[in-house]
Peer 1: 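Pasting a structure here, questions to come.
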Amino acid sequence: MSTAASAPDGSLPLVSVVLPCLNEATHIAASARTVARTLAEIPVRHELVLVDDGSSDDTWRVLGELARTDPGIRALRLSRRFGKEHALCAGIEHASGDAVVVMDADLQHPPSLLPKMVSAWRDGFEVVDATKTDRGDESLLSRVEARLFYSLLRRMSGFDLSGASDFKLMDRKVIDAWLEMPERNLFFRGMSAWLGFRRTEVEFSVEKRAGGRSGWSVRGLVRLAITGITAFSTVPIHIVTLMGLLFLAFAAALGVQTLYNKLTGIAVDGFTTVILLVLIVGSATMIGLGVIGVYVSRIYNEVKGRPRYVVAERADSEQV
Ligand code: UDP
Ligand code: MG
């Protein structure tokens with residue numbers, strides 16, 4: 001057994017499981033119990049950190065009840081919906097395990113994988129990534145979008161996250177390093193990849209949702225994709241510069257031609273060129289400003305230095 005997985009006094013290591021919950025009232029109690037039962041079968045102690053990301057249904061009431069009846073539960077209610085990345089962050093900050101697992105609360109990340117992940121950790125791996133072998137019954141469109149996003153991100157940032165999911169186990173060392181990352185624009189998968197450490201993968205295929213509905217809207221996903229790219233790559237800004245250089249070369253060539261026409265007395269002609277130039281340069285400038293604007297807004301968000309989430313209420317079980 002590696003040192004990572006055994007407490008100094010020889011007692012069993014503590015594994016925390018963080019579950020972000022947005023409107024999961026119908027099945028969260030069952031999900032939490034399934035996870036707890038799976039962990040009870042292996043030689044570790046466990047705690048569940050359940051984060052209610054400002055649900056509008058009964059989720060918080062169910063979590064409070066769960067904390068009263070079941071051992072090893074820590075429940076947090078965020079003051080509003082902060083988004084999954086921030087809910088994960090809250091959960092990780094409140095987890096005290098020697099290893100922390102993050103997974104979805106709808107059981108799309110199969111708990112049956114937990115024993116395998118824990119044993120990989122005990123073999124000395126510091127990060128155990130569960131990677132998707134297939135994306136479940138996602139639509140063709142969202143598969144294509146996911147591929148496009150990951151290949152863009154790989155080209156721009158050098159991190160290959162295709163198949164990456166928010167289902168992973170991280171050693172305490174990794175969690176401590178993660179907590180040192182001060183950014184407000186959270187992109188959990190990217191941050192975890194950036195950290196490095198000794199990692200291994202276990203594969204899983206995405207299950208059907210245990211109940212309820214997916215909390216992601218197209219807008220939410222686009223926003224996450226933009227955060228993912230801007231937080232891990234400055235390539236878009238460099239593209240703007242390249243575009244500028246390209247137009248400069250273009251301008252030089254056209255300038256020579258215009259002067260030549262003027263000198264040989266055949267000017268006027270070339271109205272189309274003017275219109276096209278105005279349109280192309282105008283749109284390129286706007287796009288450039290937009291890209292820079294996105295980065296400036298990110299910087300603005302970071303500089304404000306607001307807390308990443310606000311906890312409104314807590315409920316912990318008495319027995320741990
Ligand atoms: N989630 C969250 N806040 C959000 C969106 C989702 O805490 O704004 C949680 C949700 O409760 C679930 C996990 O993140 O535990 C994955 O969400 P979902 O199942 O809606 O996403 P999908 O599986 O469709 O990618
Ligand atoms: Mg899901």
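Every number for a ligand or one of its atoms is a count from 1 in the order of the listing. Residue indices begin at 1 and follow the sequence shown.
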Peer 1: Below 4.0 Å, non-hydrogen atoms only: which portion of Ala105 touches ligand 1? Side chain, backbone, both or neither.
Peer 2: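 Both the backbone and the side chain of Ala105 come within reach of ligand 1.
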
Peer 1: Looking at Glu24, which atoms of ligand 1 are within less than 4.0 Å of one of its heavy atoms?
Peer 2: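 So the atoms of ligand 1 that pass are 10 (C), 11 (O), 12 (C), 15 (O).
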
Peer 1: With a heavy-atom distance limit of 4.0 Å, tell me whether Asp53 approaches ligand 1 through its side chain, its backbone, both, or neither.
Peer 2: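 Under 4.0 Å from ligand 1, Asp53 contributes side-chain atoms alone.
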
Peer 1: Within the 4.0 Å heavy-atom shell around Gln108, which atoms of ligand 1 are there?
Peer 2: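 Ligand 1 atoms under the 4.0 Å threshold to Gln108: 19 (O), 22 (P), 23 (O).
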
Peer 1: Do Thr59 and Asp57 meet the criterion of a side-chain donor-acceptor pair at a distance under 3.5 Å?
Peer 2: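 Yes - a donor-acceptor pair under 3.5 Å links their side chains.
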
Peer 1: Over 60° means perpendicular and under 30° means parallel, so tell me whether Phe167 and Phe204 are parallel, tilted or perpendicular.
Peer 2: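 Ring orientation, 0 to 90° scale: perpendicular.
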
Peer 1: With the Mg ion (ligand 2) as the reference point, give the N/O/S atom of Asp106 that is nearest.
Peer 2: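 Closest to the Mg ion (ligand 2) among those atoms: OD2.
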
Peer 1: Start with the C-alpha gap between Thr258 and Asn261, add the side-chain angles, then the distance that decides, and say whether side chain to side chain donor-acceptor pair (under 3.5 Å) holds.
Peer 2: CA-CA 5 Å; Thr258 311; Asn261 282 352; 6.0 Å; no

Peer 1: Between Ser317 and Asp70, is there a donor-acceptor pair closer than 3.5 Å when you use the side chain of the first and the backbone of the second?
Peer 2: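 Yes.
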
Peer 1: Does ligand 1 come near enough to Gly83 that some N or O of the ligand is less than 3.5 Å from an N or O of the residue?
Peer 2: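 Min N/O separation from ligand 1 is not below 3.5 Å for Gly83.
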
Peer 1: Heavy-atom contacts with Arg81 under 4.0 Å: which atoms of ligand 1 show up? List them by number with element.
Peer 2: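 Near Arg81, the atoms of ligand 1 are 4 (C), 5 (C), 8 (O).
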
Peer 1: Given 3.5 Å as the limit, does a donor-acceptor pair link the side chain of Asp98 with the main chain of Leu14, or not?
Peer 2: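 Such a contact is found between Asp98 side chain and Leu14 backbone.
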
Peer 1: Give the ring-plane orientation class for His86 versus Phe82, where under 30° counts as parallel, over 60° as perpendicular and anything between as tilted.
Peer 2: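 Geometry flag for Phe82 against His86: tilted rings.
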
